[in-house]
2 protein chains.
Amino acid sequence: MAVRITWQDVYDKIHKRILDSSYAPGDKLPRDEDIAQELGCARSTVQRAMRELSEEGIVERRRKGGTHVRSYPVTRATFDISVTRHEVESAGKVYSYQLINREIAKSPRNVMAAFGLTAPKDMLRIEALHLSDRQPYIYEDRWVCTDTVPEIANVDLQCESANEWLVLNRPYDHADLRFYAQNADAYHADLLDAQLGVALFVMERTTWIGTAPITTVKAVTSPGYQLITRT
Amino acid sequence: MAVRITWQDVYDKIHKRILDSSYAPGDKLPRDEDIAQELGCARSTVQRAMRELSEEGIVERRRKGGTHVRSYPVTRATFDISVTRHEVESAGKVYSYQLINREIAKSPRNVMAAFGLTAPKDMLRIEALHLSDRQPYIYEDRWVCTDTVPEIANVDLQCESANEWLVLNRPYDHADLRFYAQNADAYHADLLDAQLGVALFVMERTTWIGTAPITTVKAVTSPGYQLITRT
DNA sequence: CTCTTGAATAAGAGCGTACTTAATATTAAT
DNA sequence: ATTAATATTAAGTACGCTCTTATTCAAGAG
């Protein structure tokens, strides 16, 4: 019996037609059913392939409207941010960690903004340094909402980083991420063993569970850090 | 008749159990079939939900191994990089564009590295400035592989940016993206109307079709630029 | 000549069944 | 005891059918 057509086969065929411009940006593709008939498979198989193409931002699908090649293609990239320790270790380096500071303090304006608060609040602030092969790697300045995560008060953050504890113990609903560049001030330069004024890559992440804020962290990377994504 | 259970219902139920730690990181979930029975739907409905959870990096699935909550959860974020003009316009600003330079030149070392070439090659280099409300927004330094894209020689890049022309006319297979920070040198400072030495956020993107390189572009953003992603 | 209403359309989703595949566990053979 | 063959398991995929839903288009009402 002839080998069955898989949804990947359908994906490849349609993708190829888009790549060789048989279907150009903006063009309308045949209905799923017609493609199914042409390729000799079920409609659901075509749908599976089409969903993939759609999720990758290659085509756009609308009910009744049909399927179109995106008129302005996008590069859709996905990246994972996990525990810093893993990032270091999977690069084959030795990870270590230093707790710099831990205090209860009123949230400053930038933290309020990240959480969308209107009034300052007492929160737990944790400053820590992640090292890769004994070299400074990432300095993290974290604020944890103790209303939402009271248990963190009892955690020994000398041995377990807040990063790791939160990831394991506080699942979140949604997150806000932002990336930008910042000049090293005296404080960062000292901690990261970098020159004053050097450009540093910064990642900010704020997480919530429902509407309750969990934590916001500003991760300042050491000079030369690159965030890399392959598609 | 009772409303049918949708795959989103299943998704929500399982997701909620993960969020409230009924299933903690590392835990094994029941088989799809058992979940289907419990919730009163077909296995395929559970599978649809599970695939979503899996694609979002919340659970991991292995044949025979079953489904587990990721032992180290990740923040999986997706972002689209499209035509700079759209980015500006969808922020409600006026877009404009200036061609700074266009030349045929031997590819320098960093471009060779991006493409994985061992010997320099003649390529088309295009320098251009994207403006938002008449203010410098992104400076792009682009190298186009004329072996792969000979037609670009005949394009009038004064009116149409290479960015846009390539996106519309040269579909690509896969791309390499990297983000980092860089201090403004005299050249960038001048073009972007920025202070010398200020930290600039840089995005590099290299695209291929099959194994044939298409283009590599270094987009240097003006001070204060942030890449934002919501999950 | 708009605006509303209703039919038509194409994608989205659900179900049940059957078969495939990768990974693990068990058993047999060395 | 170690390895190789085999069975078992749970996810992955395919199919055909039915029904739902968002959109569009066209006809009819104001």
Side-chain angles (χ1 to χ4, degrees), chain A residues 1-18 22-23 25-71 73-74 76 78, chain B residues 1-15 17-18 22-23 25-71 74 76 78:
Chain A
M1 170 192 170
V3 183
R4 275 194 179 173
I5 305 238
T6 68
W7 67 263
Q8 279 98 339
D9 293 337
V10 178
Y11 176 97
D12 289 343
K13 285 214 167 92
I14 301 296
H15 193 205
K16 181 177 259 177
R17 289 181 194 173
I18 292 170
S22 303
Y23 300 130
D27 283 2
K28 181 171 187 170
L29 271 61
R31 311 156 46 211
D32 290 3
E33 208 161 330
D34 293 341
I35 292 177
Q37 192 137 52
E38 183 208 333
L39 303 180
C41 64
R43 213 237 306 174
S44 52
T45 308
V46 175
Q47 230 238 334
R48 180 72 184 82
M50 285 299 191
R51 195 193 20 253
E52 206 71 17
L53 287 164
S54 166
E55 281 174 357
E56 289 174 12
I58 295 170
V59 303
E60 282 175 315
R61 281 160 78 76
R62 283 203 323 287
R63 284 177 175 170
K64 159 86 185 179
T67 306
H68 292 259
V69 181
R70 262 189 111 97
S71 36
V74 294
R76 181 160 295 169
T78 299
Chain B
M1 169 194 168
V3 183
R4 275 194 180 171
I5 306 242
T6 68
W7 67 263
Q8 279 100 339
D9 293 336
V10 178
Y11 176 98
D12 289 344
K13 285 216 167 91
I14 302 296
H15 192 205
R17 289 181 195 175
I18 293 170
S22 303
Y23 300 130
D27 283 3
K28 181 170 188 172
L29 271 61
R31 311 157 47 211
D32 290 3
E33 209 162 331
D34 294 340
I35 292 176
Q37 193 136 50
E38 182 207 333
L39 303 181
C41 64
R43 206 217 341 156
S44 51
T45 308
V46 175
Q47 230 241 327
R48 180 73 183 79
M50 285 300 192
R51 178 151 37 88
E52 206 71 18
L53 287 163
S54 165
E55 281 173 358
E56 289 174 13
I58 294 170
V59 303
E60 283 175 314
R61 280 160 77 75
R62 284 202 323 286
R63 284 177 173 164
K64 160 91 185 177
T67 306
H68 292 259
V69 181
R70 262 189 108 98
S71 36
V74 293
R76 180 160 296 170
T78 298

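Bear in mind that the values here come from a model prediction, so they are computed numbers and not experimental data. Numbered from 1 within each chain, the chains take letters A, B, ... in sequence-line order.
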Can you tell if the side chain of B:T67 reaches within under 4.5 Å of the side chain of B:L53, non-hydrogen atoms only? no
Expressed in angstrom and rounded to an integer, what is the separation of A:Q37 atom CD from C:dA10 atom C1'? 15 Å
Report the residues that fulfil salt bridge (Lys or Arg N to Asp or Glu O under 4.0 Å) with A:E38, sequence neighbours left out, ordered by chain and then residue number. A:R17
What's the CG-C1' distance between A:L29 and C:dA11, to the nearest Å? 13 Å
Starting at CD1 of B:I35 and ending at P of D:dA10, how long is that distance when rounded to a whole Å? 12 Å
Determine yes or no for a side-chain-to-main-chain donor-acceptor pair under 3.5 angstrom, with A:D9 supplying the side chain and A:T6 the backbone. yes
Using nucleotides 5-7 of chain D, report all nitrogen or oxygen pairs with the protein that are shorter than 3.5 Å.
none

Mind listing the N/O atom pairs, protein and nucleotides 13-15 of chain D, below 3.5 Å?
from	atom 1	to	atom 2	distance (Å)
D:dT13	OP1	A:W7	NE1	3.4
D:dA14	OP1	A:I5	O	3.4
D:dA14	OP1	A:T6	N	3.3
D:dA14	OP1	A:W7	N	2.6
D:dA14	OP2	A:W7	N	3.2
D:dC15	OP2	A:A42	N	3.1
D:dC15	OP2	A:T45	OG1	2.4

Look at the side chain of B:K64 and decide which nucleotide, out of C:dA11, C:dA22, D:dT23, has an atom nearest to it. C:dA22
Within-4.5 Å side-chain heavy-atom neighbours: B:I35 and B:M50: yes
What integer distance in Å separates A:M50:CE from C:dA13:C1'? 17 Å
pair A:H15-A:E52: side-chain heavy atoms closer than 4.5 Å: no
So, taking the atom named OG1 in A:T78 and the one named CD in B:E56, what distance separates them when rounded to the nearest 0.5 Å? 11.0 Å
At what distance, to the nearest 0.5 angstrom, does OH of A:Y23 lie from CD1 of A:I58? 14.5 Å
Taking any heavy-atom pair under 4.0 Å as a contact, classify A:G66: base, sugar-phosphate, or nothing. sugar-phosphate
Nearest-Å distance for atom pair CD/P, residues B:E60 and D:dA10: 18 Å
Counting distance only, does the side-chain N/O of B:R76 pair as donor-acceptor with the main-chain N or O of B:E55 below 3.5 Å? yes
Atom-to-atom span, CG of A:D32 to C1' of D:dT18 - whole angstrom: 16 Å
Rounded to the nearest 0.5 Å, the CZ atom of A:R70 sits from the OG atom of A:S54 at a distance of 8.5 Å
To the nearest Å, give me how far apart CZ (A:R61) and C1' (C:dA13) are. 12 Å
Rounding to a whole Å, what distance do you find between A:Y11:OH and D:dG12:P? 19 Å
